[in-house]
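Note that the numbering runs from 1 along the sequence shown for the chain.
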Amino acid sequence: MDKLQSLFSSTYIDRSTWQQLAGSLLIIAAILIAYLFEQHVANFDFYRSAIHGGEYWRLFTGHLFHTNGIHLLLNIAGLALITALHRHFYCVSLYAALIIFSMLFISLYLLVFGDLSHYVGLSGVLHSLFAWGALKDVENNEKTGIFLFLGLWVKVMMEQTQGASDHIATLIDASVAIDAHLSGAIAGTLFFALSYFAHYLKKFNKRV
C-alpha cells in the first residue's frame with residue numbers, strides 16, 4: 001500500500017531526464033511498430049463487436065494504431081509537446097499507471113456511452129495526459145496550469161457542441177473521435193483526483 005501511495009506524491013519527481021522521458025519514448029516506439037504492421041490492424045484496433053466477443057486486449061491496443069501517417073505524426077507531435085510541458089512530474093511507474101488507466105477508462109467509456117463501432121488513435125490518451133499534467137501544475141502553484149486545464153475543457157466542450165474540425169478529419173482520413181477526447185479529459189482528471197486522495201490518505205495514516 002505504501003508503495004502504491006508513493007507513486008502519487010504531490011511534489012516534483014526527482015528523476016533523470018531519461019527516466020522522465022522513458023514512458024513517452026516507449027509509447028512512440030510502440031505506435032511506430034504498430035504503424036509498420038498496420039496490415040494486421042484488424043487484429044488489434046478497437047472494434048466494439050470484437051470486444052464484446054471476448055477480445056479484451058483491444059481495449060488497450062486500439063490506442064496504439066492510427067488511420068494514416070499524418071494521424072500518427074499528429075499524435076507523436078502532441079505527445080512530444082505534452083512531455084515537454086510536464087515531464088518533470090513523470091516517473092516510469094506513475095506514467096505507466098496513468099497510461100493504462102487512461103486506455104482502459106476511454107475504451108470502457110466508448111463501449112458504454114459512445115456509438116463508435118471502430119476506433120484507433122492515441123488522441124484520447126493525450127487528452128488524459130494533458131488534463132493530469134495541467135492539474136499537477138495547479139497543485140504545484142504554476143500559474144499556467146489553470147489556463148491549460150480550462151483551455152482543454154473549452155476545447156472538449158466545443159467539440160461536443162459544434163463538432164470537430166473538418167480539416168483534421170480530412171487529414172487523418174477518419175471522423176475525429178470527440179468522445180475519446182472527452183473521456184480522455186475525464187480520465188486524466190479522475191486519475192489526478194484519485195492520486196490526490198491517495199496522497200492525503202498517506203499523510204493522514206502517518207499522523208495516526
Side-chain angles (χ1 to χ4, degrees), residues 4-17 19-25 27-28 63 74-110 113-114 121-165 167-168 176-204 206:
L4 176 63
Q5 290 174 338
S6 68
L7 293 179
F8 304 119
S9 171
S10 64
T11 57
Y12 282 22
I13 298 170
D14 185 17
R15 296 290 188 272
S16 71
T17 299
Q19 286 178 307
Q20 291 174 349
L21 296 176
S24 294
L25 291 173
I27 290 293
I28 291 173
H63 299 275
L74 285 173
N75 280 340
I76 288 177
L79 180 59
L81 176 61
I82 293 169
T83 301
L85 283 172
H86 297 131
R87 68 179 178 84
H88 49 285
F89 297 126
Y90 296 165
C91 71
V92 174
S93 53
L94 174 59
Y95 191 91
L98 175 54
I99 292 294
I100 292 170
F101 176 86
S102 300
M103 287 179 169
L104 182 59
F105 184 93
I106 293 164
S107 294
L108 292 177
Y109 184 98
L110 294 177
F113 300 107
L122 195 66
S123 59
V125 174
L126 296 182
H127 280 69
S128 178
L129 286 171
F130 193 91
W132 179 83
L135 287 170
K136 291 296 289 184
D137 282 342
V138 173
E139 183 184 17
N140 286 275
N141 299 313
E142 294 189 16
K143 295 180 180 178
T144 56
I146 189 63
F147 296 106
L148 292 175
F149 186 71
L150 292 177
L152 172 68
W153 279 102
V154 168
K155 182 255 188 191
V156 167
M157 290 299 102
M158 286 182 65
E159 287 181 340
Q160 290 293 313
T161 56
Q162 301 176 22
S165 167
H167 179 62
I168 296 297
V176 178
I178 59 175
D179 285 342
H181 297 175
L182 172 63
S183 55
I186 295 171
T189 303
L190 180 59
F191 190 88
F192 174 84
L194 292 173
S195 65
Y196 195 80
F197 174 76
H199 172 69
Y200 278 93
L201 179 63
K202 180 180 179 180
K203 288 179 66 175
F204 176 77
K206 284 184 176 179

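Across His88 and Gln20, no two heavy atoms sit closer than the pair CA-NE2, 3.9 Å. Of all the heavy atoms in Val138 and Gly145, the pair that sits closest is CG2-C, 3.5 Å. In this structure, Asp179 and Gly114 approach most closely via the heavy-atom pair OD2-CA, 4.1 Å. Taking each heavy atom of Ser123 and Asn75 in turn, the nearest pair found is N-ND2, 3.7 Å. The shortest non-hydrogen separation linking Leu152 to Ala185 is CD2-CB, 4.2 Å. The shortest non-hydrogen separation linking Asp137 to Leu148 is OD2-CD1, 3.7 Å.
In this view, Val176 and Ala164, Ile168, Ala169, Ile172, Ile178, His181 satisfy the side-chain contact (heavy atoms from CB on, under 4.5 Å) rule, not counting sequence neighbours. Legend: residues meeting side chain to side chain donor-acceptor pair (under 3.5 Å) with Ser183, ordered by chain and number and at least two apart, are absent. Under the side-chain contact (heavy atoms from CB on, under 4.5 Å) criterion, Ala177 pairs with Leu116, Tyr119, Ala180, not counting sequence neighbours. Applying the side-chain contact (heavy atoms from CB on, under 4.5 Å) rule to Ile100 yields the partners Phe60; only residues at least two apart in sequence or on another chain are considered. With sequence neighbours excluded, the residues satisfying side-chain contact (heavy atoms from CB on, under 4.5 Å) with Leu150 are Ile146. Applying the ring-ring contact (aromatic ring centres under 6.0 Å, His included) test to Tyr95 and every residue at least two apart in sequence or in another chain returns Tyr90. Partners of His127 under the side chain to side chain donor-acceptor pair (under 3.5 Å) rule, at least two apart in sequence or in another chain, are Lys155.
Put simply, CZ on Phe113 and CG on Leu108 are 10.0 Å apart, with the number rounded to the nearest 0.5 Å. Rounding to the nearest 0.5 Å gives a distance of 11.0 Å between CG of Leu135 and CG of Leu190. Distance CZ/Phe191 to OG/Ser102: 7.5 Å, rounded to 0.5 Å. Once rounded to the nearest 0.5 Å, the distance linking OG of Ser128 with NE2 of His63 reads 10.0 Å. Separation of atoms CG (Leu122) and CG (Leu79) is listed at 6.5 Å; rounding is to 0.5 Å. Once rounded to the nearest 0.5 Å, the distance linking CG of Leu25 with OG1 of Thr83 reads 8.0 Å.
Ile99 has its side chain within reach of Met103: a pair of non-hydrogen atoms, C-beta onward, lies under 4.5 Å apart. Residues Val156 and Trp153 have side chains in contact (heavy-atom distance under 4.5 Å, counting atoms from C-beta outward). Put simply, the side chain of Trp132 reaches to within 4.5 Å of the side chain of Leu94, judged on heavy atoms. A 4.5 Å side-chain heavy-atom check between Phe149 and Thr189 finds at least one atom pair inside the cut-off.
Between the side chain of Ser107 and the backbone N or O of Leu104 there is no donor-acceptor pair closer than 3.5 Å.
Ring orientation note: the planes of Phe105 and Phe101 are close to parallel, at an angle under 30° on the 30°/60° scale.
Counted within 6.0 Å of CE on Met158, heavy atoms from surrounding residues, nucleotides or ligands total 12 or fewer; the atom is thus considered open.
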**Request:** Under the side-chain contact (heavy atoms from CB on, under 4.5 Å) rule, what do Leu129 and His86 come out as? Steps first, then yes or no, please.
**Result:** CA-CA 9 Å; Leu129 286 171; His86 297 131; over 6 Å; no

